[in-house]
Asker: 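Take a look at this one; I'll ask things after.
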Number of protein chains: 2
Amino acid sequence: MEKLDQVLFFTLEKSIKTYRQFAQRQIDKAGIDITIDQWLVLKSIQDWPDISQHQIAENVFKDFASVTRMIELLVKKEYLQREFHKTDRRRFNLIITKKGQAVIQKVIPVITANRKQALKSLTKAEIENNKVFLNQIIENCKPE
Amino acid sequence: MEKLDQVLFFTLEKSIKTYRQFAQRQIDKAGIDITIDQWLVLKSIQDWPDISQHQIAENVFKDFASVTRMIELLVKKEYLQREFHKTDRRRFNLIITKKGQAVIQKVIPVITANRKQALKSLTKAEIENNKVFLNQIIENCKPE
DNA sequence: GTACTTTTGATGACATATCAACTATAATTG
DNA sequence: CAATTATAGTTGATATGTCATCAAAAGTAC
């Protein structure tokens with residue numbers, strides 16, 4: 001098999017893993033009790049009030065079961081509250097608490113700095129090209 | 001913050017996740033009882049006889065604890081055997097069983113096909129450029 | 001030769017991912 | 001209106017990732 005192919009997927013894996021570890025380290029250093037993914041979930045809820053958990057899962061590209069568990073943890077951390085939905089008893093309203101709002105805001109500059117550092121010396125054109133390339137992989141791997 | 005930056009990391013994450021899910025589906029379809037990562041671990045042992053678990057962890061870019069657990073599962077699946085190391089009682093010899101050898105061989109064409117499909121319509125130059133880009137991210141995110 | 005440091009690998013506890021199965025509720029069909 | 005189908009979310013079991021801690025054994029320093 002082509003060595004380059006195999007090395008590419010390994011590098012893809014390593015790059016996102018390295019970025020996530022780096023990003024999480026910075027968040028921990030800032031003394032904030034949240035993971036990157038939890039923040040993404042909270043951000044999703046903030047950006048789309050009245051969002052369903054299914055929709056959150058799609059937005060952040062995660063399994064329904066994982067999202068349920070993450071929401072459970074966010075409730076436990078008091079960043080989120082579950083309320084009964086007004087009209088649909090299958091659903092919950094997910095309300096970001098004041099504590100949750102504060103955490104979202106506190107993390108934003110850390111994440112901005114993380115991304116800036118991660119993309120140091122990479123041009124907008126290179127970033128755009130890379131995105132197009134990755135989207136092609138996503139397209140190629142979709143189930144029929 | 002730059003929207004493009006944020007979208008890039010999301011796309012990076014989504015692309016590797018989509019690839020892994022696709023690749024695992026193909027392995028399952030082929031009726032082979034192994035995960036991509038388990039295969040990588042086995043392959044590492046095959047390529048470097050007498051390798052230590054620490055070295056395996058570095059090769060496949062995984063946590064020591066994760067590698068220990070994966071090896072435990074590979075032993076349980078009878079793809080691997082642990083033997084006492086000849087000269088160093090802290091270590092084990094990891095022996096690939098016949099069953100393990102067979103599985104490694106059986107998976108290779110599936111993985112080759114997976115990669116080929118994932119990289120459909122992407123040129124060698126694009127692949128090479130992407131690798132260089134991703135390696136820059138890895139470099140940027142390394143601990144000091 | 002002893003004390004100290006480093007290495008090797010395991011384990012516990014917790015978080016997340018995956019797959020499958022489940023319950024309750026809403027929507028649709030005839 | 002009742003039966004059926006679809007949706008929303010949960011839960012169990014298992015695999016992997018992370019962090020911290022541990023014990024045993026090898027290596028190093030004096």
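In the text below, chain A, chain B and the rest are named by the order of the sequence lines, each starting its count at 1.
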Asker: Tell me, do B:Asn129 and B:Val132 make a side-chain contact under 4.5 Å, heavy atoms counted?
Answerer: no

Asker: Output every pair passing salt bridge (charged side-chain N to carboxylate O under 4.0 Å, His left out) with a member in residues 7-18 of chain A, not counting sequence neighbours, ordered by first then second residue.
Answerer: A:Glu13-B:Arg20

Asker: Using only side-chain N and O atoms of A:Gln24, determine if any of them is under 4.0 Å from OP1 or OP2 of C:dA15.
Answerer: no

Asker: Looking at every strand, decide which applies to A:Gln55 at a 4.0 Å heavy-atom threshold: base, sugar-phosphate, or nothing.
Answerer: nothing

Asker: Taking N or O atoms only and anything under 3.5 Å, show me the protein contacts with nucleotides 4-7 of chain C, one pair per line.
Answerer:
unit_1 : atom_1 : unit_2  : atom_2 : d
C:dT7  : O2     : B:Arg90 : NH1    : 2.8

Asker: Under 4.0 Å from OP1 or OP2 of C:dT16: is there any side-chain N or O of A:Thr35 that close?
Answerer: yes

Asker: Can you list everything that forms a side chain to side chain donor-acceptor pair (under 3.5 Å) with B:Glu126? Sequence neighbours excluded, please.
Answerer: B:Thr123

Asker: Nearest to the A:Gln38 side chain among D:dT18, D:dT10, C:dA15, which nucleotide is it?
Answerer: C:dA15

Asker: Between C1' on D:dG17 and NZ on B:Lys17, what's the gap in Å once rounded to a whole number?
Answerer: 13 Å

Asker: Applying salt bridge (charged side-chain N to carboxylate O under 4.0 Å, His left out), which residue pairs with at least one partner in residues 93-106 of chain A are found, sequence neighbours left out?
Answerer: A:Glu78-A:Lys99

Asker: Considering only Ile, Leu, Val, Met, Phe, Trp and Tyr, and joining two whenever side-chain heavy atoms are under 4.5 Å apart, list the other residues clustered with A:Ile95.
Answerer: none

Asker: Roughly how many Å is it from CZ in B:Arg20 to P in C:dT16, rounded to a whole number?
Answerer: 17 Å

Asker: Need one value for B:Gln21: base, sugar-phosphate or nothing, where a base atom within 4.0 Å counts as base even if backbone is also close, heavy atoms only.
Answerer: sugar-phosphate

Asker: According to a strict under-4.0 Å criterion, is B:Thr68 in side-chain N/O contact with OP1 or OP2 of C:dA10?
Answerer: yes

Asker: Specify the separation, in whole Å, of atom CZ of A:Phe64 and atom P of C:dA17.
Answerer: 13 Å

Asker: Return the 5'-most residue of the pair B:Ala65, A:Phe61 with respect to DNA chain C, ranking by each residue's nearest nucleotide.
Answerer: B:Ala65

Asker: Salt-bridge test for A:Glu72 and A:Lys77: reply yes if a basic N is under 4.0 Å from a carboxylate O, no otherwise.
Answerer: no

Asker: Near DNA chain C, counting only heavy atoms under 4.0 Å, which residues of residues 69-88 of chain B show up?
Answerer: B:Arg69, B:Arg82

Asker: Mind checking side chain to side chain donor-acceptor pair (under 3.5 Å) for B:Asp28 and listing every partner two or more places apart, or none if nothing turns up?
Answerer: B:Gln24

Asker: Kindly give the heavy-atom pair with the smallest separation between B:Ile137 and A:Ser15, and that separation in Å.
Answerer: CG2-O, 4.2 Å

Asker: Which salt bridge (charged side-chain N to carboxylate O under 4.0 Å, His left out) pairs, counting each pair once, include a residue from residues 60-69 of chain A, with sequence neighbours left out?
Answerer: A:Asp37-A:Lys62

Asker: Name all residues meeting the side chain to side chain donor-acceptor pair (under 3.5 Å) criterion together with B:Gln55; count only those two or more places apart in sequence or in a different chain, and write none if there are none.
Answerer: B:Asn59

Asker: What is the distance, to the nearest angstrom, from the CD1 atom on B:Ile36 to the P atom on C:dT18?
Answerer: 11 Å

Asker: For B:Ile27 and C:dT18, give me the distance from atom CD1 to atom C1', rounded to whole Å.
Answerer: 15 Å

Asker: Among D:dT16, C:dT18, C:dA10, which nucleotide sits nearest the side chain of B:Ser66?
Answerer: D:dT16

Asker: Without decimals, in angstroms, what is the distance between B:Arg89 CZ and C:dA10 C1'?
Answerer: 18 Å

Asker: Please collect all ring pair (Phe, Tyr, Trp, His ring centres under 6.0 Å) contacts where either partner lies in residues 58-102 of chain B, sequence neighbours excluded, each pair once.
Answerer: B:His54-B:Phe64

Asker: Can you list the residues that meet the salt bridge (charged side-chain N to carboxylate O under 4.0 Å, His left out) rule with B:Glu58, with sequence neighbours excluded?
Answerer: none

Asker: I need the CD1-P distance between A:Ile16 and D:dG17, as an integer number of Å.
Answerer: 15 Å

Asker: Round to the nearest Å and state the distance from A:Arg25 atom CZ to D:dC19 atom P.
Answerer: 8 Å

Asker: According to a strict under-4.0 Å criterion, is B:Lys62 in side-chain N/O contact with OP1 or OP2 of D:dG17?
Answerer: yes

Asker: Between protein and nucleotides 2-5 of chain D, what N or O pairs are separated by less than 3.5 Å?
Answerer:
none

